[in-house]
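Read the structure below first, then the notes.
All residue numbers in this chain count up from 1 along the given sequence.
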Amino acid sequence: MKTRFNTYDIICMITELQRLIGMRVNQVYDIDNRTYVIRLQRSEEKSVLLLESGNRFHTTQFEWPKNVAPSGFTMKLRKHLKNKRLEKLSQLGVDRIVDLQFGSGEAAYHVILELYDRGNIILTDSEWIILNVLRPHVEGDKIRFAVKEKYPLDRAKTNYAAPPIEDLKDILLRSKPGDNLKKILNPNLEFGSAMIDHVLLQNNLSGNMKISTEPGKGFHIEHDIEKLVKALKQAELLMDVAKIEVAKGYITQKKEERPNPEGEPTYLLTNIEFHPLRFAQHENLPFAEYETFDRAVDEFFSASEGQKIDMKTVQLEREALKKLQNVRRDHERRVTELERAQTRDKRAAELIASNEPLVERARAAIQTALANQLSWDDIQLLVKTAQENKDPVASCIKHLKLNTNHITLLLSDPYLHDEKPESMMIDIDLSLTAFANARRYYDQKRNAAKKQQKTIESSGKALKSAEKKTKQTLKEAHTISNIIKARKTYWFEKFYWFISSDNYVVIAGRDQQQNELLVKRYMRAGDVYVHADLSGASSVIIKNPRGGTVPPRTLSEAGQAAVAYSVAWEAKVLTRSWWVQASQVSKTAPSGEFLTTGSFMIRGKKNYLLPEHLQFGFSFMFRVEDGCIERHRGERQPLGADEEPPAAPGDDAEDQEIAVSDDDEPSDKEDSKAAEGKLETIAEEPRAADPPDVRANETAIQNERDGDTESDSGDDLPDTHIKVDHGTGQVMLSRTTSEISETPEDKVPSFPALPKKGGKKPQKKEVKVKEEEKKEDKKDGPKRGQRGKLKKIKEKYKDQDEDERLYKMGLLQAASKMKESKKAQKKAEKPGKSKSQQRANKIPLPAPLILEAESEDELEPDPEGEQQPGPDADSEMLQQLTGSPFADDELLFAVPVVAPYSALNHYKYKVKLTPGTSKRGKAAKTAIQVFLKEPTGTPRERDLLKAVRDEDVARNFPGKVKLSAPQLHRHKK
């Protein structure tokens with residue numbers, strides 16, 4: 001399949017794209033590390049130019065998926081090309097190098113696209129000095145493609161004219177014997193192999209002709225050189241015309257046979273090559289014609305992914321049909337073998353009956369030898385001697401199989417005298433008479449006939465079953481192919497996401513880069529920012545395009561997501577999350593501080609949410625056809641002030657655990673022990689002020705205390721810090737020095753554990769905790785290395801009485817208070833330098849930094865976010881998705897959803913996810929199997945569930961899970 005441009009394609013494309021001259025660069029994006037998109041605009045006219053290093057360049061009318069974060073090369077192109085006008089689009093010489101000049105004079109920049117070898121994209125200034133290069137490398141000894149080097153313009157070829165006739169003869173004479181004409185000409189001409197084939201066929205030559213010394217056999221140099229020169233002149237003329245006229249586009253196609261078990265096979269047309277001319281060698285192939293070459297190339301590459309899906313479907317269909325044919329062949333082979341066995345056994349029985357005296361004599365001779373206790377070798381020698389003496393009985397004995405008590409006789413029909421009798425080797429059992437041996441063969445023949453009859457009877461059923469299964473496989477493959485083609489990837493699917501009970505899109509970042517992207521590109525005025533004071537917690541945004549107040553139910557569900565997508569899921573810990581308005585989130589760091597990627601400033605008051613259980617759900621939403629949207633409108637609506645959320649059917653039933661097949665999973669007891677062990681690792685840091693290099697890696701938070709009252713003014717809120725760490729699993733809470741003075745030491749933040757079903761009473765828990773504390777106190781003794789020190793202290797102060805010890809301790813405390821007062825004075829004089837800032841703890845790479853400032857002023861909207869607006873949650877788009885399809889709905893595709901369990905209240909398919917030990921992939925497959933057994937599910941819904949790709953199903957799971965579902969016994973029937 002053709003994947004890259006040749007010289008003729010480049011000339012035609014440059015001629016056609018001259019219409020882009022004068023358009024300005026609006027934005028630059030990268031699809032992957034080789035493909036870049038330049039958006040151009042001129043008043044109301046817009047165009048998108050696609051450049052792929054080494055392969056192609058053309059405009060596109062399709063929406064290509066862009067990278068989440070622009071690459072460094074893309075940022076460099078944006079910096080120099082933005083708002084520049086495309087002044088020139090040309091080819092360097094006749095080489096496969098395209099020059100795009102943006103701007104004029106000294107402000108001009110060149111984007112050089114190389115379409116040969118491994119390709120390259122190079123950005124230079126007006127003097128051709130390289131500013132950035134996609135693939136830095138060295139050609140030869142002197143030519144370097146690197147920054148600050150000058151781009152070599154003199155190496156491009158300048159002429160595509162064919163060599164004169166004498167040079168052509170020299171090229172042909174120097175060729176190797178056996179080389180065909182196209183292989184010889186292609187390296188020495190600039191037309192491309194397709195063009196060479198075309199002009200040769202136009203002049204009664206062929207590219208497969210070999211050089212010959214005899215006229216009429218292959219290509220004779222003296223006889224056919226004039227035809228070759230004429231053909232090359234024709235190629236030159238086509239190249240000249242391509243520089244002036246805009247060419248049409250042609251896509252050459254190939255017929256792929258699709259198997260059809262019911263009747264004649266159907267055909268699938270697949271694209272093979274794209275050309276600006278209908279070449280002679282492609283006249284007998286099917287083709288698609290387009291108005292322009294640019295349009296044909298765009299269609300060719302945009303349809304390549306869909307054709308890959310089609311070819312995969314065809315391959316599945318062929319394999320299914322091959323299995324059916326194998327079943328048929330297997331049944332035919334069995335029947336044929338049984339028929340042969342019947343014929344062979346019947347013939348053997350008849351020959352034994354006809355040669356009964358001979359068989360009996362042979363049996364008697366061998367049995368006599370055995371009775372005389374002769375060895376098997378002596379018996380073999382005796383038979384051989386008798387055969388040499390022409391003994392008729394010994395002559396019919398061919399093999400002795402004494403280990404199985406058999407002999408092999410060569411028998412023929414004794415009653416056929418005129419014709420040459422047909423002999424047959426037959427095994428005779430020495431323990432049976434001749435007639436008994438014949439009867440044994442007749443019995444084998446009857447058994448084979450019975451088997452044949454049963455095989456024929458069962459083959460009909462087996463073939464019908466195989467045909468039915470094959471048809472079902474073909475239908476499923478075709479259905480899944482259509483579903484995958486219709487599947488639309490929504491903009492929010494690259495993040496963690498769900499749709500809340502009140503029809504709000506909630507999105508969360510998977511890592512620090514996505515957290516940064518969410519706030520800078522997708523957060524708008526009116527949106528709500530939700531976060532949790534935990535290591536690894538995601539930045540969660542509630543999209544609120546309609547404005548107004550976000551319902552409490554949606555805030556609670558977003559808070560659950562912020563806690564679940566953190567270390568709290570694995571540790572099975574409950575804690576609070578908080579939310580602020582979008583205007584309170586800023587990327588502007590305080591003076592003297594630096595915000596890393598995914599770090600933000602929070603100004604003003606934080607609104608804390610109540611802790612919720614770690615209960616997520618896994619389900620599917622279905623995209624309904626536009627005509628069915630009205631019946632689902634209003635499924636997810638905000639509740640009124642006095643309304644309560646309606647209970648979903650079956651929710652009052654007790655949840656039953658779904659077993660996930662995994663041999664490595666520990667038992668429930670081990671699971672609970674592991675949870676208790678994890679809970680013990682959650683500790684509070686010693687309260688000390690933070691060092692300067694750690695401050696940039698911590699998040700600010702005001703910890704609410706039970707019984708504390710919050711003032712409405714933001715001026716009373718102090719600067720506080722929390723540590724959010726992706727690198728470790730330990731949850732660390734920290735307060736600044738100002739908090740220590742205001743917060744009593746006895747109020748230590750605690751994390752309640754997940755409630756267990758059938759748990760013991762709280763009083764018994766308290767008793768257990770006290771007993772554990774007593775045991776820990778008993779264990780706390782002098783550590784290793786301290787015993788010797790304690791001995792020395794006792795020896796030194798053994799003569800000191802209690803009064804003397806108290807007096808000296810008082811003196812030491814007075815001295816330490818004086819030191820502390822001096823340090824406090826120094827801190828007051830130099831508030832920027834505190835002891836905590838001088839002592840830097842070694843911590844891993846942090847998670848997003850969130851600092852809380854005292855000001856509650858409204859933040860200015862980020863200009864970069866305005867320039868690159870993200871798509872807002874369109875209410876009409878959300879109405880297209882439903883979790884509760886009706887039986888008569890027309891469904892297009894299914895989208896897997898992972899959300900707080902309360903948000904999936906009325907979904908048709910759902911299972912509950914809680915922290916557990918099952919791996920995400922296995923748990924997701926198990927859940928889908930449960931959904932497929934749902935008795936109320938329709939065949940279309942099952943097809944849509946099967947069509948979802950495995951990599952898309954479990955990617956939003958918070959971690960290892962335990963599956964459970966209400967009324968699970970319904971699925972087991």
Side-chain angles (χ1 to χ4, degrees), residues 254-270 306-348 441-486 661 894 921-922 924-926 928-935 937-951 953 971-973:
K254 178 184 176 183
K255 277 187 177 181
E256 292 285 348
E257 183 178 338
R258 301 189 74 159
N260 185 8
E262 295 181 349
E264 294 183 0
T266 57
Y267 293 95
L268 172 71
L269 292 176
T270 58
Q307 288 200 348
K308 287 179 184 176
I309 296 170
D310 288 337
M311 288 305 300
K312 190 175 180 180
T313 305
V314 170
Q315 190 65 28
L316 290 173
E317 291 172 351
R318 287 175 179 170
E319 289 177 0
L321 203 63
K322 187 178 179 182
K323 287 181 181 178
L324 176 62
Q325 292 172 352
N326 289 340
V327 170
R328 285 175 177 165
R329 278 199 295 267
D330 184 53
H331 281 278
E332 290 173 0
R333 179 179 55 80
R334 287 182 183 179
V335 171
T336 304
E337 287 180 355
L338 289 171
E339 287 177 350
R340 289 176 183 171
Q342 290 178 64
T343 305
R344 185 174 61 250
D345 291 340
K346 182 181 178 182
R347 175 69 175 160
Y441 278 103
Y442 277 124
D443 290 342
Q444 290 180 5
K445 186 256 182 188
R446 281 193 293 272
N447 290 336
K450 290 178 182 178
K451 283 185 180 179
Q452 181 185 359
Q453 184 63 30
K454 289 181 180 178
T455 303
I456 292 173
E457 290 174 358
S458 63
S459 64
K461 296 179 181 178
L463 285 174
K464 286 181 180 178
S465 175
E467 286 176 0
K468 183 179 179 182
K469 191 174 181 181
T470 301
K471 290 177 183 178
Q472 182 67 21
T473 304
L474 296 179
K475 183 182 176 183
E476 286 182 3
H478 186 66
T479 304
I480 290 173
S481 172
N482 292 336
I483 293 169
I484 293 174
K485 287 181 185 177
S661 58
K922 289 184 177 180
K925 289 179 181 178
T926 305
I928 290 178
Q929 292 304 315
V930 171
F931 296 159
L932 293 176
K933 295 175 184 177
E934 173 65 41
T938 63
R940 177 62 176 174
E941 290 170 1
R942 295 189 183 98
D943 290 339
L944 295 179
L945 295 180
K946 291 176 185 176
V948 179
R949 296 183 302 177
D950 292 340
E951 57 266 28
V953 175
H971 309 299
K972 295 182 178 179
K973 287 182 180 179

Can you give me every donor-acceptor pair (side chain of residues 339-347, partner residue at least two apart or in another chain, under 3.5 Å) with its distance?
unit_1: E339; atom_1: OE2; unit_2: Q452; atom_2: NE2; d: 3.0
unit_1: Q342; atom_1: NE2; unit_2: L338; atom_2: O; d: 3.4
unit_1: Q342; atom_1: NE2; unit_2: Q452; atom_2: OE1; d: 2.4
unit_1: T343; atom_1: OG1; unit_2: E339; atom_2: O; d: 3.0
unit_1: R347; atom_1: NH2; unit_2: E422; atom_2: O; d: 3.4

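Taking the salt bridge (Lys or Arg N to Asp or Glu O under 4.0 Å) definition, one finds that K454 meets it with nothing, sequence neighbours left out. R334 is linked by a salt bridge (Lys or Arg N to Asp or Glu O under 4.0 Å) to D330, counting only residues two or more places apart in sequence or in another chain. Q929 pairs by the side-chain contact (heavy atoms from CB on, under 4.5 Å) definition with L932, not counting sequence neighbours. Shown here are the side chain to side chain donor-acceptor pair (under 3.5 Å) partners of N447, two or more places apart in sequence or in another chain: there are none. For the side chain to side chain donor-acceptor pair (under 3.5 Å) test, residues two or more places apart in sequence or in another chain that qualify with E941 are K908, Y909. In this view, E332 satisfies the side chain to side chain donor-acceptor pair (under 3.5 Å) rule with no residue, not counting sequence neighbours. Residues passing the side-chain contact (heavy atoms from CB on, under 4.5 Å) test with V327, sequence neighbours excluded: H331, L463, A466. Residues satisfying the side chain to side chain donor-acceptor pair (under 3.5 Å) criterion with R446, sequence neighbours excluded, are D443.
Taking all atoms of both residues into account, the shortest heavy-atom contact from A894 to V948 is O-CG2, 3.9 Å.
Rounding to the nearest 0.5 Å places CZ of R940 at 6.5 Å from CG of D943. Note that the CZ atom of R329 and the OG1 atom of T336 stand 13.0 Å from one another [nearest 0.5 Å].
Within the 4.5 Å cutoff, no side-chain heavy atoms of L269 are placed close to those of K254.
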